[in-house]
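Basis for what follows: all heavy atoms, side chains included, without hydrogens, waters or symmetry-related copies.
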Amino acid sequence: MVANLCWPQRSALGLGVLLVVWGVVDLIAGRSPLGVLHVVTGVVAAASATSMRASRPVGSLMAVVFLVVFAFGVGEAGPGGSAMDAGVVGNGLHLLIGFASVAVAASCAWCQQRSRPTTRSTASPGGGAVSGAVSGAAPGSTPGPASGSTPGSASGSTPGSSSTPGSASGPAPGPAERLP
């Protein structure tokens with residue numbers, strides 16, 4: 001199960017487990033507001049690790065929560081401080097968890113972007129630009145040489161490459177796609 005997860009999802013799962021353990025320790029030590037916060041956010045983070053779509057917004061939300069908890073903990077530190085003051089080490093960990101949550105959300109966005117099919121645009125030797133999906137021809141296109149190409153060259157071919165006329169795929173470039 002864990003081996004099938006992307007690295008941002010594994011990070012969210014690890015962060016969730018860490019928070020649940022920290023929350024249990026807080027509850028045992030009698031720091032119930034922080035213990036409840038840690039257990040709840042840990043369970044939510046671990047549950048969100050099942051999908052990339054869930055990990056991204058949960059990471060963003062946890063970043064806001066833990067950076068606010070850090071600000072309240074540091075702002076009201078000292079004798080008689082607030083319930084969010086976890087001490088120097090705890091407040092530092094809240095700050096690190098906030099930044100780690102930002103990293104999880106950003107890396108989920110990066111992984112989602114990398115997994116989408118991309119398009120590219122290349123200039124053909126005849127002066128036209130050819131665009132289409134990297135994986136092949138655009139839907140509804142017919143194979144054939146691009147307009148403005150020289151005989152024996154196919155759109156998208158590079159000098160020195162061996163291609164036969166009519167072997168390129170993709171629509172012929174229109175007047176708006178021609179390079180000056």
- Note on the structure: CG (L13) and CH2 (W7) are apart, to the nearest 0.5 Å, by 15.0 Å

- Query: Linking I/L/V/M/F/W/Y whenever their side-chain heavy atoms sit closer than 4.5 Å, directly or via other members, would V69 and F72 fall into one cluster?
  - Reply: yes

- Message: Hydrophobic clusters here meaning ILVMFWY residues chained together by side-chain heavy-atom distances under 4.5 Å, can you tell me if I28 and V21 are in one?
- Response: no

- Message: My understanding is that only one of L93, L95, I97, V102 makes a side chain to side chain contact (heavy atoms under 4.5 Å, CB included) with F66; could you say which?
- Response: I97

- Query: Got a second to check how far R53's CZ is from C108's SG, nearest 0.5 Å?
  - Reply: 12.5 Å

- Item | Smallest separation among heavy atoms of G98 and A63, with atom names | O-CB, 3.5 Å

- Query: OG of S101 to CG of L67: how many Å apart, nearest 0.5 Å?
  - Reply: 8.0 Å

- Task: Determine, using the 4.5 Å side-chain heavy-atom cutoff (strictly less than), whether V65 and L15 are members of one ILVMFWY cluster.
- Result: yes

- By side chain to side chain contact (heavy atoms under 4.5 Å, CB included), which residues pair with V64, not counting sequence neighbours? V68

- Output for pair (C6 SG, Q112 CD), nearest 0.5 Å, gives 9.5 Å

- Task: Supply the atom-to-atom distance R10 CZ to S55 OG, rounded to the nearest 0.5 angstrom.
- Result: 12.0 Å

- Task: Would you indicate whether the side-chain heavy atoms of V39 and L27 approach each other to under 4.5 Å?
- Result: yes

- OG/S107 to CZ/R56 distance, rounded to the nearest 0.5 angstrom? 10.5 Å

- Message: With a 4.5 Å cut-off on side-chain heavy atoms, are M62 and L19 touching?
- Response: yes

- L34-L96 co-clustered via ILVMFWY side chain contacts under 4.5 Å: yes

- Indicate yes or no for a side-chain donor-acceptor contact from N91 to the backbone of A86 under 3.5 Å, with no hydrogens or angles considered. yes

- Are W110 and P8 close enough that some pair of their side-chain heavy atoms sits under 4.5 Å apart? no

- With the 4.5 Å side-chain cut-off for hydrophobic clustering, are V74 and F99 part of the same group? yes

- Results of side chain to side chain donor-acceptor pair (under 3.5 Å) for H38 - residues two or more places apart only: D26, H94

- The single option from V43, L37, V44 that satisfies side chain to side chain contact (heavy atoms under 4.5 Å, CB included) with T41 is L37

